[in-house]
> 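Sharing a structure, written as structure tokens. Questions coming.
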Amino acid sequence: MQVIENEEMLDKLLSEPSADLIEMMKRLDGDIMILGINGKMGLTMGRQAVAAIKAAGVSKKVIGVSRFSDETGREKLEEWGIQTIACDLLDRSAVAALPKVPNIIFMAGRKFGTGGSEDLTWAMNALSPAYVGEHFNESRIVVFSTGCVYPLVGVGSGGSVEQDAPEPVGEYSQSCLGRERIFQWCSRVHGAKVLLFRLNYAVDLRYGVLHDIAQQVWNEQPVNNTVGHFNVIWQGDANSFALRALEHATAPPTTLNVSGPEIIPVEYIAERFGEILGKKITYTGISADKCYLNNAAKAFSLFGYPRVSLEKMISMQAQWLMKGGRSLGKPTHFEVNTGKF
Ligand SMILES: NC(=O)c1ccc[n+]([C@@H]2O[C@H](COP(=O)([O-])OP(=O)(O)OC[C@H]3O[C@@H](n4cnc5c(N)ncnc54)[C@H](OP(=O)(O)O)[C@@H]3O)[C@@H](O)[C@H]2O)c1
């Protein structure tokens, strides 16, 4: 069983490039710019890209753009070989001054705090894409989106697929559909090649749905079972898929669901953590018939299955908690099915 001893080891594991990503770097022309890099996923995505480029033996820059409200992220990135540029993506002239590169990953966004400042969420999720889509009109752009643009569905559906019509619940999800629509429009009018990357829940050990449930079990709190099922994917795999998705960006845009292969019952995960952590489980909330469920079969047909299995994630997460590993203190609120964040 793999035990992650510390954050350096965790960051390294999350940044390991797959053989397929390394091969892609040999084919991909031009540099890569990650917009909104200074968040939960971006740091190790940048590091993974640098590692893949190095292993491929090619010459390519990875540039990370964020406001860098937290300077420690910037220091890590520079240390890992990622060039950084501080930029507020809501500042149109600052976006227009960014160097043009052929490959863009757009992962800046706003979710929590939407209630009460809906305008800022809309600006971040739908206005900033207009500036980015206009400036990078000759680029490939992988746009991070969410499975929350779909309606809530029953477990028997097998999860939403790309052909399903969006039906976002609440303003955060509506603004995410806004982001997709603006990039679609930019692609049509300005010509950018775009892939809409609809992700459901990355797992790092410092945050994520597994982290949230494990923490409730560990602290002997009732596990919230309001949303009874979910999907997750190891963050290293999600980031690898996002980088590899650059090759699949098209005009008009392609849509791609991204998650793990299982539809996972909250009760199954809680019981597994209960066994490993030696805790009794209690629940709160009545399991709803419908949840956000992402059918990522198309992504698996393009990229293969994720390298890290659900069982491995469960085991690493439990060990991380027992060893007192750091938590980001950023709950996913995956149990929210009203669209209010
Ligand atoms: N993590 C998941 O499981 C998950 C699931 C579904 C969808 N997503 C989406 O995928 C994307 C990446 O996820 P994440 O968890 O890494 O998000 P995150 O932690 O919120 O990171 C995004 C980063 O974007 C930067 N940013 C925000 N506003 C900006 C602005 N005006 N200008 C420049 N940079 C800005 C922020 O860094 P600075 O403060 O330094 O600017 C922020 O840390 C997000 O859009 C998220 O909503 C994530």
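In this chain, numbering begins with 1 at the start of the sequence shown. Counting convention: from 1, in listed order, for ligands and their atoms alike.
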> With atoms numbered from 1 as shown, which atoms in ligand 1 lie under 4.0 angstrom from a non-hydrogen atom of C87?
32 (N), 33 (C)

> Do we see a donor-acceptor contact under 3.5 Å between the side chains of S93 and D91?
yes

> Taking only Lys NZ, Arg NE, NH1 and NH2, and the carboxylate oxygens of Asp or Glu, determine whether K100 and D31 approach each other closer than 4.0 Å.
no

> For K111 and ligand 1, answer yes if some heavy atom of the residue is under 4.0 Å from a ligand atom, otherwise no.
no

> Under 4.0 Å from a heavy atom of Y201: give me the atoms of ligand 1 that qualify, with their elements.
3 (O), 5 (C)

> Any non-hydrogen protein atom below 4.0 Å of atom 46 (C) of ligand 1?
no

> If hydrogens are left out, which of M124, M107, R110 has an atom nearest to atom 11 (C) of ligand 1, that is, the closest non-hydrogen atom?
M107

> Heavy atoms only: which of L199, L120, V95 lies closest to atom 4 (C) of ligand 1?
L199

> For atom 32 (N) of ligand 1, what's the nearest protein heavy-atom neighbour? Residue, atom name and distance, please.
L89 N, 2.9 Å

> For atom 31 (N) of ligand 1, which protein heavy atom lies nearest, and how many Å away is it?
D88 OD1, 2.9 Å

> What protein heavy atom is closest to atom 43 (O) of ligand 1, reported as residue, atom name and distance in Å?
N38 O, 2.9 Å

> Look at D237 together with R244 and state whether they make a salt bridge at an N to O cut-off of under 4.0 Å.
no

> Under 4.0 Å from a heavy atom of S145: give me the atoms of ligand 1 that qualify, with their elements.
7 (C)

> So which atom in N38 and which in G73 form the shortest heavy-atom distance, rounded to 0.1 Å?
OD1-CA, 3.4 Å

> Between the side chains of E138 and K193, is the shortest nitrogen-to-carboxylate-oxygen separation below 4.0 Å, so that they form an ion pair?
no

> Could you name the option among G36, C176, S66 that has the heavy atom nearest to atom 37 (O) of ligand 1?
S66

> Salt bridge between R47 and E8, side-chain N to carboxylate O under 4.0 Å?
yes

> Using heavy-atom distances, let me know which of F334, Y207, F144 sits nearest atom 10 (O) of ligand 1.
F144

> Ignoring hydrogens and angles, tell me if any N or O in the side chain of S309 forms a donor-acceptor pair with the backbone of K312 under 3.5 Å.
yes

> Which heavy atom of the protein is the closest neighbour of atom 18 (P) of ligand 1, given with residue, atom name and distance?
K40 NZ, 3.7 Å

> Purely on distance, is any nitrogen or oxygen of N200 under 3.5 Å from one on ligand 1?
no

> Run down the list M41, M45, R67 and name the one with the heavy atom closest to atom 41 (O) of ligand 1.
R67

> Just checking, R92 and Y131: is the charged tip under 6.0 Å from the six-membered ring centre and within 45° of the axis?
no

> Crowded around R110 CZ? As in, over 12 foreign heavy atoms under 6.0 Å?
yes

> Please say whether the positively charged group of K40, taken as NZ for Lys or CZ for Arg, lies over the ring of Y207, i.e. under 6.0 angstrom from the six-membered ring centre and within 45 degrees of the axis.
yes

> Using a 4.0 Å heavy-atom cut-off, say whether S128 meets ligand 1 through its side chain, its backbone, both or neither.
neither

> I'd like to know if E79 pairs up with K76 as an ion pair, taking the criterion as any Lys NZ or Arg NE/NH1/NH2 lying under 4.0 Å from an Asp or Glu carboxylate oxygen.
no

> Could you tell me if E171 and T121 have a donor-acceptor pair between their side chains, going purely by distance under 3.5 Å?
no

> Pick whichever of A242, G147, A202 has a heavy atom sitting closest to atom 2 (C) of ligand 1.
A202

> Considering only the protein, which heavy-atom contact is closest to atom 39 (O) of ligand 1, and what is its distance?
S69 OG, 2.2 Å

> What atoms in ligand 1 come closer than 4.0 Å to a heavy atom of F68?
38 (P), 40 (O), 41 (O)

> What protein heavy atom sits nearest atom 21 (O) of ligand 1, and how far away is it?
G39 CA, 3.2 Å

